[in-house]
Colleague: 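Sharing a structure here in structure tokens format.
A note on names: the letters A, B, ... follow the listed sequences, proteins ahead of strands, and every chain is numbered from 1.
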Protein chains: 2
Amino acid sequence: MTAEVGPRRRSDARDNRERILAVARLAFATEGLDVPLREIARRAEVGAATLYRHFATKDALLSEAFAEQMETCSAIVAEGLATPDPWQGFRLVVERLMELHALDRGFARVFTSRLPEAVFAADRDRTLRMLLELVGRAKKAGPLRRDFVIEDLSLALMANEGIRAESPATRVAASRRFAALMLQSFMADPVAAPLPPPVRLPLTRA
Amino acid sequence: MTAEVGPRRRSDARDNRERILAVARLAFATEGLDVPLREIARRAEVGAATLYRHFATKDALLSEAFAEQMETCSAIVAEGLATPDPWQGFRLVVERLMELHALDRGFARVFTSRLPEAVFAADRDRTLRMLLELVGRAKKAGPLRRDFVIEDLSLALMANEGIRAESPATRVAASRRFAALMLQSFMADPVAAPLPPPVRLPLTRA
DNA sequence: ACCGTAACGGAACACCCCGTCCGGTTGACT
DNA sequence: AGTCAACCGGACGGGGTGTTCCGTTACGGT
């Protein structure tokens with residue numbers, strides 16, 4: 001799936017493609033999905049048509065741009081699954097996923113929606129299976145409440161998306177506290193643990 | 001501020017105004033804030049200009065449309081404050097506010113943003129003061145964790161907003177479970193209590 | 001050095017939105 | 001009934017977005 005030589009491509013085209021992807025990733029991450037394609041083209045110093053020649057539609061661009069993050073998700077879950085203590089693994093997954101989603105608004109949005117573009121479906125399913133396994137272990141080991149369902153994680157991630165803030169830093173800080181709260185509520189025999197510092201939330205304008 | 005007779009108005013105009021408000025409330029509640037004004041005008045069987053004559057700008061319409069819900073919020077908090085057991089009061093407030101916000105997406109959005117249109121500022125501040133009082137009592141009584149800050153409620157409400165679903169019913173169900181989870185994490189000496197039923201989340205498309 | 005063709009970029013298309021202006025219509029008071 | 005202000009709906013201008021058209025450029029193999 002990578003580095004197929006394919007028909008010899010012109011090198012400038014290849015460069016443009018990379019540049020567009022890089023710019024798009026940054027833009028979507030920091031500004032969300034509704035960044036105009038024109039703007040991305042402009043920042044990549046490319047005409048609109050060029051962008052469309054490389055990515056037939058906006059969705060296509062989104063899929064490609066987020067493939068990387070999708071793999072990061074997989075990796076996070078895999079790491080959680082590899083952690084000896086299932087609860088620690090679960091906790092790590094929740095914290096890391098939420099942080100990732102807080103840092104990349106666009107990806108968060110795509111992740112909780114469904115753009116079942118083939119690119120995603122595979123990773124998604126694999127990740128989901130690993131998650132189910134991890135959840136099973138964490139329940140069996142005791143700390144995760146028995147009535148937890150995988151949808152509760154979706155719920156938590158969607159909710160995490162709702163957290164808006166002026167700066168990414170603020171958003172991450174708020175998200176961190178939120179993750180700690182959620183984790184607390186996921187415990188079978190909860191113990192009130194200290195939380196990350198509260199965040200002053202200067203409500204966003206839009 | 002209400003029912004000023006003012007200069008005799010034509011009755012048809014008055015009717016139109018009411019109809020527009022009713023339609024707008026419904027539309028904003030079920031579809032969010034970005035319903036085109038034209039669409040609202042169309043549903044109210046009124047021309048665009050008519051709508052603008054009654055409400056100078058979209059923000060003006062929003063303010064008027066949500067004034068009612070804003071009062072409902074106040075009422076909820078007041079009721080919570082009037083509840084003998086502070087924790088029960090707090091719990092009631094969280095549950096009711098979240099349900100209200102789940103039922104009315106538009107209002108939720110306006111509430112967690114700041115449209116400090118004079119109409120709101122007053123209610124908002126009053127409500128906030130009551131909330132602080134309630135939080136203080138709930139902490140003093142014991143059940144609410146000491147490191148809870150009022151921003152955590154904002155956080156929870158924003159997060160609640162992130163919960164998307166196809167139907168309002170699904171959204172409310174999901175929101176209910178979410179509220180229960182959050183309440184659990186707000187407790188100083190948490191006891192894992194049963195949760196509302198989990199919700200299958202057929203991820204939304206957009 | 002040359003030239004075919006892949007790749008390019010700006011402008012144009014089609015659509016949607018907010019907010020305003022205009023000529024015809026209708027309610028209410030005399 | 002008559003009159004006039006207030007109201008009405010439709011058309012208009014300005015701005016924005018995803019996507020496509022088409023004349024032009026410049027890569028890269030010979």
Colleague: Counting only N and O atoms by type, is there a donor-acceptor contact under 3.5 Å from the side chain of B:K58 to the main-chain atoms of B:P36?
Modeller: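 No, B:K58 side chain to B:P36 backbone: no donor-acceptor pair under 3.5 Å.
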Colleague: Going by the angle between their ring planes, with limits at 30° and 60°, are B:F107 and B:F66 parallel, tilted or perpendicular?
Modeller: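 Because their plane-to-plane angle lies in the 30° to 60° range, the rings of B:F107 and B:F66 count as tilted.
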Colleague: Distance check needed: C:dC17 P versus B:I40 CD1, whole Å only.
Modeller: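 So the CD1-P distance, B:I40 to C:dC17, works out to 11 Å.
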Colleague: With 3.5 Å as the limit, what N/O pairs link the protein to nucleotides 25-27 of chain D?
Modeller:
from   : atom 1 : to    : atom 2 : distance (Å)
D:dC27 : O4'    : A:R10 : NH2    : 3.4

Colleague: Whole angstroms only, please: what is the CZ-C1' distance between A:R53 and D:dG23?
Modeller: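 Spelled out: CZ on A:R53 to C1' on D:dG23 is 13 Å.
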Colleague: If we ignore angles and hydrogens, is there a donor and acceptor under 3.5 Å between the side chains of A:E161 and A:T112?
Modeller: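 A:E161 vs A:T112: donor-acceptor pair found between side chains.
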Colleague: Only one of A:E18, A:R19, A:R14 clears side-chain hydrogen bond (donor to acceptor under 3.5 Å, both in side chains) with A:N16; which?
Modeller: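 Answer to the side-chain hydrogen bond (donor to acceptor under 3.5 Å, both in side chains) test with A:N16 among A:E18, A:R19, A:R14: A:R19.
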Colleague: Grab the CG-P distance between B:L62 and C:dG19 for me, whole Å please.
Modeller: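 For the pair B:L62 CG and C:dG19 P, the rounded distance is 10 Å.
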Colleague: Without placing hydrogens or testing angles, list every side-chain donor-acceptor pair under 3.5 Å for residues 75-90 of chain A, not counting sequence neighbours.
Modeller:
from  : atom 1 : to    : atom 2 : distance (Å)
A:E79 : OE1    : A:R96 : NH2    : 3.2
A:T83 : OG1    : A:E79 : O      : 3.0
A:D85 : OD1    : A:W87 : N      : 3.0

Colleague: Are OP1 or OP2 of C:dA7 and a side-chain N or O of A:N16 less than 4.0 angstrom apart?
Modeller: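 False: A:N16 side-chain N/O out of range (4.0 Å or more) of C:dA7 OP1/OP2.
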Colleague: Which residues in residues 25-39 of chain B have at least one heavy atom lying under 4.0 Å from any atom of DNA chain C?
Modeller: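 Correct list: B:V35, B:P36, B:L37, B:R38.
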Colleague: Without decimals, in angstroms, what is the distance between B:F55 CZ and C:dC18 C1'?
Modeller: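 Taking CZ of B:F55 and C1' of C:dC18, I get 16 Å after rounding.
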Colleague: When you check the gap from the basic side-chain N to the acidic O, do A:E133 and A:R129 get nearer than 4.0 Å?
Modeller: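 Looking at A:R129 together with A:E133, the answer is no, because their closest N to O distance does not fall below 4.0 Å.
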Colleague: Within the pair A:H54 and C:dA7, is there a side-chain N or O less than 4.0 Å away from OP1 or OP2?
Modeller: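 False: A:H54 side-chain N/O out of range (4.0 Å or more) of C:dA7 OP1/OP2.
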Colleague: Quick test of your reading of the model: are B:E64 and B:R17 salt-bridged, counting only N-O distances below 4.0 Å?
Modeller: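 Between B:R17 and B:E64 there is a salt bridge, with a charged N closer than 4.0 Å to a carboxylate O.
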Colleague: Spell out, as yes or no, whether a donor-acceptor pair under 3.5 Å connects the side chain of A:D104 to the backbone of A:H101.
Modeller: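 No, because the side chain of A:D104 does not come within donor-acceptor range (under 3.5 Å) of the backbone of A:H101.
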Colleague: Listed by chain and number, what are the side chain to side chain donor-acceptor pair (under 3.5 Å) partners of B:S185, not counting sequence neighbours?
Modeller: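 For B:S185 there are no side chain to side chain donor-acceptor pair (under 3.5 Å) partners, ignoring immediate neighbours.
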Colleague: Can you tell me the distance, in whole Å, between the CZ atom of A:R14 and the C1' atom of C:dA6?
Modeller: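 It is 16 Å, rounded to the nearest whole Å.
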Colleague: Looking at residues at least two apart in the chain, or sitting in another chain, which of them share a side chain to side chain donor-acceptor pair (under 3.5 Å) with B:E95?
Modeller: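 Counting only residues at least two positions away or on another chain, B:E95 forms no side chain to side chain donor-acceptor pair (under 3.5 Å).
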Colleague: Rounded to the nearest Å, what distance is computed from the NZ atom of residue A:K58 to the P atom of nucleotide D:dT20?
Modeller: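 To the nearest whole Å, that distance equals 15 Å.
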Colleague: Do NZ/NE/NH1/NH2 and the carboxylate oxygens of A:R177 and B:E151 come within less than 4.0 Å?
Modeller: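 Salt bridge: no.
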Colleague: Mind running a 4.0 Å heavy-atom check of residues 42-52 of chain A against DNA chain C and sending the residues that fall below it, in number order?
Modeller: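 Those residues are A:E45, A:V46, A:G47, A:A49, A:T50.
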Colleague: Report yes if a side-chain nitrogen or oxygen of A:T57 is closer than 4.0 Å to either non-bridging phosphate oxygen (OP1 or OP2) of D:dT19; otherwise report no.
Modeller: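 For A:T57, the contact criterion (side-chain N or O under 4.0 Å from OP1 or OP2 of D:dT19) is met.
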